[in-house]
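Working notes, beginning with the structure itself.
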Amino acid sequence: MPVNLPQKSPTDPRLLTLLGHVAESSGRLCLSEDEYEFLEAETFFQDAARNKLITIDHGGEWSTGAVVSITREGRLMIGSPEPESIWKKLEGLFRRRIGGADG
């Protein structure tokens, strides 16, 4: 008897493109008001925020547009490595400077 496994719906290619662009932009993408309003109406963008693949910072009272940041979950989805933290970089530089092991 055949087994019916639940089928996963295919991932929207626009979502993967968005995540790729944000990841390539040092993890953050600054959107103008028009760009943000356009994306905000798209279901893939809403799903990305709801599924915590991206975070959206609308700024303060006087700002327009938004900054979209990719989360760890978003990076995992597209197979993008997390950037090295500034603290790891500083630790490596400090160790090399004092003649310790490379970090």
Side-chain angles (χ1 to χ4, degrees):
M1 185 158 130
V3 177
N4 290 329
L5 297 174
Q7 297 295 318
K8 185 178 177 186
S9 60
T11 303
D12 190 327
R14 298 175 301 169
L15 171 61
L16 298 175
T17 301
L18 172 71
L19 293 175
H21 282 301
V22 176
E24 289 177 3
S25 302
S26 300
R28 291 178 189 82
L29 191 61
C30 185
L31 301 175
S32 69
E33 185 175 7
D34 292 336
E35 292 168 329
Y36 177 67
E37 286 178 1
F38 174 79
L39 284 174
E40 189 179 34
E42 297 289 332
T43 56
F44 78 91
F45 188 75
Q46 296 167 8
D47 291 344
R50 186 174 34 258
N51 294 327
K52 298 182 180 168
L53 301 174
I54 58 171
T55 58
I56 304 167
D57 181 2
H58 304 282
E61 180 180 348
W62 300 103
S63 64
T64 61
V67 175
V68 176
S69 302
I70 190 167
T71 64
R72 185 168 196 256
E73 292 81 8
R75 286 188 182 279
L76 288 172
M77 183 174 195
I78 61 172
S80 175
E82 286 194 57
E84 187 177 23
S85 76
I86 187 69
W87 302 113
K88 282 275 191 201
K89 289 179 184 177
L90 289 172
E91 180 184 12
L93 290 172
F94 181 70
R95 285 182 185 215
R96 278 183 280 234
R97 185 170 186 162
I98 61 171
D102 286 310

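In this chain, residues are counted from 1 in sequence order. Below, each value reflects all heavy atoms present in this structure, side chains not excepted, and no hydrogens, waters or symmetry copies. Remember, it's a predicted structure, so these values are computed and weren't measured experimentally.
Annotation: salt bridge (Lys or Arg N to Asp or Glu O under 4.0 Å) contacts of Asp57 (sequence neighbours excluded): none. The side-chain contact (heavy atoms from CB on, under 4.5 Å) test applied to Thr11 returns Leu15, Leu16, Met77, not counting sequence neighbours. In this structure Ser25 satisfies the side-chain contact (heavy atoms from CB on, under 4.5 Å) test together with Leu29, sequence neighbours excluded. Partners of Thr55 by side-chain contact (heavy atoms from CB on, under 4.5 Å), not counting sequence neighbours, listed by chain and number: Ser69, Thr71. Residues satisfying the side-chain contact (heavy atoms from CB on, under 4.5 Å) test with Thr17, not counting sequence neighbours, are His21.
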Would you check, one step at a time, whether the test side chain to side chain contact (heavy atoms under 4.5 Å, CB included) holds for Leu31 with Val68? CA-CA 7 Å; Leu31 301 175; Val68 176; 3.5 Å; yes
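Distance check, rounded to the nearest 0.5 Å: CG of Asn51 to CD of Gln46 gives 11.5 Å.
Residues in residues 10-25 take part in these salt bridge (charged side-chain N to carboxylate O under 4.0 Å, His left out) pairs, two or more places apart or across chains: Asp12-Arg14, Arg14-Glu42. Among residues at least two apart or in separate chains, salt bridge (charged side-chain N to carboxylate O under 4.0 Å, His left out) pairs with a member in residues 63-80 are Arg72-Glu82. Within the structure, ring pair (Phe, Tyr, Trp, His ring centres under 6.0 Å) pairs that include any residue of residues 33-61 comprise Tyr36-His58 (at least two apart or interchain).
Closest non-hydrogen pair, Ala23 versus Ile70, comes out as CB-CD1, 4.1 Å. Here the closest heavy-atom approach between residue Ala66 and residue Ile56 is recorded as CB-CG2, 3.9 Å.
Residues Leu53 and Leu19 have side chains in contact (heavy-atom distance under 4.5 Å, counting atoms from C-beta outward).
Cluster annotation: Val22 is not connected to Val67 through the hydrophobic network of ILVMFWY side chains, with a link wherever side-chain heavy atoms come within less than 4.5 Å.
When hydrophobic residues (I, L, V, M, F, W, Y) are linked wherever their side-chain heavy atoms come within less than 4.5 Å, Trp62 remains an isolated member.
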